[in-house]
Asker: 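Got a structure here, written out as structure tokens. Questions coming.
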Amino acid sequence: SGIANSGNRERAKVLLEAATVIDPTNPNPPYTLAGYYWADDQERSVALYRTALAIGGLDPFYQKFAEGRVALVEGSLEEAAKAFEDALVVRPEHGETLTALATILNRLGRPDEARQYLQRAVELSPDPFRSLIELGQLLLEQGAYPEAVQSLQQAVALRADRPNAFALLAQAYAGDSQPEQAVLAWQQAVTLSPENAFYIIQLGDALLASGDNDGAVKAYRQGLQLNPDSSYARHQLQALGVTP
């Protein structure tokens with residue numbers, strides 16, 4: 001754990017794998033490993049959570065958190081929500097659990113509850129980036145564009161290297177009738193992900209909305225170069241009276 005906290009998660013994984021062999025009756029090493037694998041290999045992560053649950057003896061919070069993640073991957077959203085709610089009874093300020101529960105509630109068609117949990121996560125988490133992104137996306141879906149802009153501005157201030165954050169911010173600006181700001185946000189997304197045809201074509205739309213037809217044509221053509229199958233970019237060029 002000390003090595004992981006210092007930033008060397010790969011070395012920590014090796015040690016935890018060794019710990020599971022040394023003491024296969026201890027649920028904590030597979031539980032911790034499961035968390036390390038969650039973002040990149042959910043199949044492996046869920047297998048480790050199941051191992052920890054089968055051994056038994058987990059801390060009550062870890063028990064419910066593991067049950068929630070397993071149920072989520074299995075598609076049992078109601079069960080996952082209940083498990084995360086139970087986990088929050090033990091640790092009501094755990095930001096990752098608040099965000100996970102909010103995501104599930106939104107998928108269950110309960111966006112207002114999801115929004116409340118995400119706002120709590122933003123307030124309580126020492127690193128609220130993911131919660132801000134989730135909150136911004138939820139606000140976008142609800143058409144609350146000024147609030148979405150505010151949330152996503154905070155997100156990009158924390159992580160200026162995430163193109164998806166700038167893409168969401170651009171959509172929020174567009175919804176809030178700020179086309180020039182939308183252009184700037186799409187440009188930043190394209191800078192961070194220059195091979196993403198979707199971002200470039202969306203930049204074309206933002207340029208068009210801001211009155212820069214020449215810039216829009218350039219962006220649509222660039223998007224077509226990256227994705228020749230984009231009928232949308234082709235249609236936009238034709239609508240502007242130029243050849244694709």
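Atom set for the values below is all heavy atoms of this structure, side chains included, hydrogens, waters and symmetry mates excluded. By convention here, the first residue in the shown sequence is residue 1. For clarity, every value in this text was computed on a predicted model and none was experimentally measured.
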Asker: With rounding to the nearest 0.5 angstrom, report the CG to CD1 distance, N227 to I201.
Answerer: 6.0 Å
Asker: Which heavy-atom pair separates V149 from L169 by the least distance, and what is that distance?
Answerer: O-CD1, 3.9 Å
Asker: State, to 0.1 Å, how close H94 and L88 come at their nearest heavy-atom pair, and which atoms those are.
Answerer: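 Here H94 and L88 meet closest at O-CD2, 4.0 Å.
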Asker: With hydrophobic residues grouped by side-chain heavy-atom distances under 4.5 Å, do I104 and V70 end up in a single group?
Answerer: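 Both belong to a single hydrophobic cluster.
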Asker: Would one find more than 12 heavy atoms of other residues, nucleotides or ligands at under 6.0 Å from atom NZ of K82?
Answerer: no
Asker: Does this structure show an ion pair linking R91 with E96, if we count only N-O contacts that are shorter than 4.0 Å?
Answerer: no
Asker: Hey, could you give me the CZ/CG distance between R115 and L135, rounded to the nearest 0.5 Å?
Answerer: 7.0 Å
Asker: So, D127 versus S125: side-chain donor-acceptor pair below 3.5 Å or not?
Answerer: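 No donor-acceptor contact under 3.5 Å links the two side chains.
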Asker: Side-chain donor-acceptor pair under 3.5 Å between Q153 and Y173, yes or no?
Answerer: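 Result is yes, a qualifying pair exists.
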Asker: What class does the angle between the rings of W186 and Y199 fall in, given that below 30° is parallel, 30 to 60° is tilted and above 60° is perpendicular?
Answerer: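 Tilted, since the angle between the ring planes falls between 30° and 60°.
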Asker: Using the rule that Ile, Leu, Val, Met, Phe, Trp and Tyr join whenever any side-chain heavy atoms are under 4.5 Å apart, tell me whether Y36 and L72 fall into a single cluster.
Answerer: no
Asker: Has R120 got a side-chain atom pairing as donor or acceptor with P92's backbone, closer than 3.5 angstrom?
Answerer: yes
Asker: Walk me through whether N8 and S6 qualify under side-chain hydrogen bond (donor to acceptor under 3.5 Å, both in side chains).
Answerer: CA-CA 6 Å; N8 192 346; S6 70; over 6 Å; no
Asker: Does one hydrophobic cluster hold both V122 and Y145, with members joined at side-chain heavy-atom distances below 4.5 Å?
Answerer: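 Linked within one cluster.
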Asker: Shortest non-hydrogen contact from A4 to R9?
Answerer: O-CG, 4.3 Å
Asker: Above 12 or not: heavy atoms from other molecules or residues under 6.0 Å from CD of E79?
Answerer: no
Asker: Looking only at the side chains, is there a donor atom on one of T99 and S131 sitting less than 3.5 Å from an acceptor on the other?
Answerer: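 Present: a donor and an acceptor within the cut-off.
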Asker: Between S230 and L224, which heavy-atom pair has the shortest distance, and what is it?
Answerer: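 Residues S230 and L224, closest heavy atoms: O-CD2, 3.5 Å.
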Asker: How long is the gap from CD1 on I200 to CD on Q222, to the nearest 0.5 Å?
Answerer: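 These two atoms lie 4.0 Å from each other.
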Asker: How many angstroms lie between CG in L138 and OH in Y117, if you round to the nearest 0.5 Å?
Answerer: 14.0 Å
Asker: So, is the end of the R69 side chain (NZ or CZ) under 6.0 Å from the ring centre of Y49 and within 45° of the ring's axis?
Answerer: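 No, R69 does not lie over the aromatic ring of Y49.
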Asker: If you take all heavy atoms of L108 and E78, which pair is closest and at what distance?
Answerer: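 Distance-wise, the nearest heavy atoms are CD2-OE2, 3.9 Å.
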Asker: Tell me whether E17 at atom CD has more than 12 heavy atoms from other residues, nucleotides or ligands lying less than 6.0 Å away.
Answerer: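 Counting other residues, nucleotides and ligands, CD of E17 exceeds 12 neighbours.
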Asker: Can V156 be reached from F129 by stepping across I, L, V, M, F, W or Y side chains whose heavy atoms are under 4.5 Å apart?
Answerer: yes
Asker: Hey, are the side chains of L208 and D212 touching, using non-hydrogen atoms and a 4.5 Å cut-off?
Answerer: no
Asker: Please evaluate residues L98 and F84 with respect to the criterion side-chain contact (heavy atoms from CB on, under 4.5 Å), reporting the C-alpha separation (whole Å), side-chain torsions for both, the decisive distance (0.1 Å), and the verdict.
Answerer: CA-CA 8 Å; L98 288 165; F84 286 131; over 6 Å; no
Asker: Applying side-chain hydrogen bond (donor to acceptor under 3.5 Å, both in side chains) to E123 and Q119, what does each step give before you reach the verdict?
Answerer: CA-CA 6 Å; E123 294 168 2; Q119 287 169 337; over 6 Å; no
Asker: Is the backbone N or O of P179 less than 3.5 Å from a side-chain atom of S210, with the two atoms forming a donor-acceptor pair by type?
Answerer: no
Asker: Using modelled atom types and a 3.5 Å cut-off, is there a donor and acceptor pairing between side-chain atoms of D176 and backbone atoms of Q178?
Answerer: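 It does not hold such a pair.
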Asker: Going from CD on Q238 to OG on S231, what distance comes out if it is rounded to the nearest 0.5 angstrom?
Answerer: 10.0 Å
Asker: Given the rule in the side-chain contact (heavy atoms from CB on, under 4.5 Å) test, do K13 and Y37 qualify, once you have shown the distances and angles that lead to the verdict?
Answerer: CA-CA 9 Å; K13 284 181 183 179; Y37 282 110; 3.9 Å; yes
Asker: If hydrophobic clusters are built by linking Ile, Leu, Val, Met, Phe, Trp and Tyr wherever their side-chain heavy atoms come under 4.5 Å apart, do L48 and V14 end up in the same one?
Answerer: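 No, L48 does not connect to V14 through the hydrophobic network.
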Asker: Does S193 reach the main-chain N or O of V190 with its side chain, forming a donor-acceptor pair under 3.5 Å?
Answerer: no
Asker: With side-chain hydrogen bond (donor to acceptor under 3.5 Å, both in side chains) as the test, would you mind laying out the steps for E141 and N106 before giving the verdict?
Answerer: CA-CA 10 Å; E141 294 170 1; N106 192 37; 3.2 Å; yes
Asker: Mind checking the CD-OH spacing from Q236 to Y220? Nearest 0.5 Å is all I need.
Answerer: 4.0 Å
Asker: Write down the atom of A34, the atom of S45, and the distance for their closest heavy-atom approach.
Answerer: O-OG, 2.7 Å
Asker: Measuring only between side-chain heavy atoms, which start at C-beta, is L16 closer than 4.5 Å to R11?
Answerer: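 No, too far: nothing below the 4.5 Å cut-off.
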Asker: Within a strict 4.5 Å, meaning less than it, do heavy atoms of the L192 and R162 side chains meet?
Answerer: no
Asker: Report yes or no: does R110 contribute a side-chain atom to a donor-acceptor pair with the main-chain N or O of A102 at less than 3.5 Å?
Answerer: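 Checked: no pair found.
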Asker: Applying side-chain contact (heavy atoms from CB on, under 4.5 Å), run through V242 and R221 and close with a yes or a no.
Answerer: CA-CA 10 Å; V242 298; R221 283 178 170 162; 3.9 Å; yes
Asker: Yes or no on side-chain hydrogen bond (donor to acceptor under 3.5 Å, both in side chains) for D205 and Y232, after CA distance, side-chain angles and deciding distance?
Answerer: CA-CA 11 Å; D205 283 351; Y232 178 78; 2.8 Å; yes
Asker: With the side chain counted from C-beta on, respond yes when T97 and F61 share a heavy-atom pair under 4.5 Å apart, and no when they do not.
Answerer: yes
Asker: Please test L105 against L101 for side-chain contact (heavy atoms from CB on, under 4.5 Å), starting from the C-alpha separation and ending with a verdict.
Answerer: CA-CA 6 Å; L105 291 174; L101 176 57; 3.9 Å; yes
Asker: Can you tell if the side chain of L140 reaches within under 4.5 Å of the side chain of L168, non-hydrogen atoms only?
Answerer: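 Side-chain contact under 4.5 Å: yes.
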Asker: Quick one, T20 and L33 - any side-chain contact, counting heavy atoms below 4.5 Å?
Answerer: yes
Asker: L184 versus F166: any side-chain heavy-atom pair under 4.5 Å?
Answerer: no
Asker: Under 4.5 Å between any side-chain heavy atoms of F65 and L58, yes or no?
Answerer: no
